Each structure stands twice: as C-alpha cells, then as structure tokens.
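Let me begin by presenting the structure, written as structure tokens, before commenting on it.
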Amino acid sequence: MYAIPLGDDGAELRPLESWHAEEFLAHLDRGRDFIGQYIPFGSRETDVGSARALLTRYAEKRAADSGSLHGIWLDGKLVGGVLFRTFDAEQGTCEVGCWLEPAGAGRGLVTRAMRVLLDWAFDGRGMHRVEWQAASANQPSINVARRLGMTRDGVLRESRAHRGVRHDIEIWSVLAPEWRAARARAARGDR
C-alpha cells in the first residue's frame with residue numbers, strides 16, 4: 001500500500017488495517033489514558049480481537065465509502081492516526097478526527113497528516129465541507145483546527161458525556177474554496 005512521508009523526521013501516514021490489530025492494540029495500551037481524555041476512541045478495544053473488530057469496522061466503512069482510518073507511524077512505530085469518521089460523497093461533506101499516544105504529541109504530526117487527508121478529500125473526492133469536532137477543553141485539538149484554517153461554526157453546550165463529565169463540543173469546518181485559497185497563499189509564501 002502507500003506510505004506518505006509527513007516530513008523529514010521519520011513520520012509517515014499509512015493505511016491502518018485489520019492485519020495491524022496487534023500493533024494497534026499495543027499502541028492503544030501505551031496511550032489509553034492520554035487518548036481517552038476527551039474521546040472514547042479505543043476505550044473498548046482491550047484485546048487483539050476487539051482491536052481487530054474496530055479496524056474491520058473501518059475497513060467496511062472504507063469499502064462502503066463512508067469513512068476510513070489512517071495510521072501515523074514515527075520511526076516505524078504506530079503513534080496515532082487520523083480518520084474520516086464520516087464521509088458522504090453525495091453531499092460533499094465529511095467529518096475528520098485524530099488520536100495520538102503521548103510519544104506522538106507536540107510534533108505537528110496530526111496537522112501534517114490531516115493536510116494530506118484534506119487535500120485528498122477536496123481535490124481527489126470533491127468534498128465541499130470538512131468538519132472537525134472537539135471538546136472545548138481539548139486545546140491541542142482546537143489548535144489543529146486553527147492551524148488547518150478552519151472556522152469555528154459554533155459550540156454544542158454540554159452535548160457529550162465522557163467519563164462522567166458533560167463536555168461542550170466545538171464544531172469547526174473548512175470549505176473547499178477556503179482550503180484551496182489558503183493552500184495557494186501558503187505556496188506563494190503569503191500569510
């Protein structure tokens with residue numbers, strides 16, 4: 001399959017598939033508390049079978065053109081990933097997200113990987129709107145949305161319960177014309 005370099009630091013974006021179940025589980029075990037601060041992703045995957053089942057669900061979503069998982073490897077080790085949580089080609093809309101273990105945090109990996117996904121979504125698949133949802137308290141995730149040039153559409157107050165706490169969820173998005181204009185400015189060296 002593919003391995004897309006995300007820079008010169010040994011980071012790569014690759015497919016994350018069912019046959020990665022053992023590696024995926026080890027990654028989740030290393031980062032379970034960190035990953036689970038604001039999202040339930042990976043919280044029920046506690047053995048190889050359940051890890052494989054999650055990866056298989058996303059393989060089925062990919063086959064149905066309704067979502068997909070993509071792993072981020074750093075120096076050959078899975079440290080996180082990005083995903084199309086939802087993908088609606090007919091409507092031209094999708095929701096993206098991410099997760100990282102501590103070893104991958106603070107390196108810009110999610111922003112770099114997400115740029116690859118957004119380029120593909122807009123240019124390869126004709127998406128019009130890409131959405132990002134994050135708990136208001138999850139500042140690293142909010143920062144990624146900002147770095148991607150997204151606009152904060154609004155806040156769903158106390159709309160999601162996680163670990164006994166009701167979280168405000170911020171909705172961020174970027175539209176195809178905005179993405180292309182920002183990319184053109186960046187290519188010219190403009191801000």
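Only heavy atoms go into these numbers, but all of them, side chains included; no hydrogens, no water, no symmetry mates. Quantities reported herein were computed from a predicted structural model and do not represent experimental measurements.
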_So Leu55 and Glu17, do their side chains get closer than 4.5 Å, heavy atoms only?_
no
*Could you name each residue pair satisfying ring-ring contact (aromatic ring centres under 6.0 Å, His included) that touches residues 53-76, not counting sequence neighbours?*
His20-Trp73
*Can you check whether Thr86 reaches Gln91 side chain to side chain, under 4.5 Å on heavy atoms?*
no
_Between CZ on residue Arg85 and OG on residue Ser68, distance to nearest 0.5 Å_ = 12.5 Å
*For the atom pair CD (Glu22) and CG (Asp47), what is the distance rounded to the nearest 0.5 Å?*
11.5 Å
_Glu45 bridged to Arg57 by N-O distance under 4.0 Å_ = yes
*Taking only residues two or more places apart in sequence or in another chain, which ones pass side-chain hydrogen bond (donor to acceptor under 3.5 Å, both in side chains) with Thr46?*
none
*asked:* Check the orientation of His27 and Phe24. Use parallel for under 30°, tilted for 30 to 60°, and perpendicular for over 60°.
replied: tilted
*Please identify each residue that fulfils side-chain hydrogen bond (donor to acceptor under 3.5 Å, both in side chains) with Arg125, with sequence neighbours left out.*
Asp65
*Check against side chain to side chain contact (heavy atoms under 4.5 Å, CB included), Leu13 and Ile72*: CA-CA 5 Å; Leu13 183 66; Ile72 300 172; 4.3 Å; yes
*Rounded to the nearest 0.5 Å, how far apart are CG of Leu54 and CG of Leu25?*
11.0 Å
*asked:* Are Asn143 and Gln139 packed together at the side-chain level, in the sense that at least one heavy-atom pair is separated by less than 4.5 angstrom?
replied: yes
*With the side chain counted from C-beta on, respond yes when Leu16 and Leu78 share a heavy-atom pair under 4.5 Å apart, and no when they do not.*
yes
*Taking C-beta and beyond as the side chain, do Leu74 and Arg107 meet within less than 4.5 Å on heavy atoms?*
yes
*Considering only heavy atoms from C-beta outward, does the side chain of Trp179 approach that of Leu148 to under 4.5 Å?*
yes
*Do Phe87 and Met127 have side chains that get closer than 4.5 Å, going by heavy atoms?*
yes
*asked:* Can you tell me how far apart CZ (Arg115) and CD1 (Ile4) are? Round to the nearest 0.5 Å.
replied: 14.5 Å
*CD/Glu95 to CZ/Arg129 distance, rounded to the nearest 0.5 angstrom?*
9.5 Å
*Compare all side-chain heavy atoms of Met114 with those of Trp132 and state whether any distance is below 4.5 angstrom.*
yes
_Stepwise side chain to side chain donor-acceptor pair (under 3.5 Å) test for Glu170 and Ser136_ = CA-CA 6 Å; Glu170 297 191 15; Ser136 293; 3.1 Å; yes
*Would you kindly say whether Gln133 and Arg160 are connected by a side-chain donor-acceptor distance under 3.5 Å?*
yes
_Polar side-chain atom of Lys61 near backbone of Leu69 as donor-acceptor pair, under 3.5 Å_ = no
*How long is the gap from CD1 on Ile35 to CG on Leu100, to the nearest 0.5 Å?*
7.5 Å
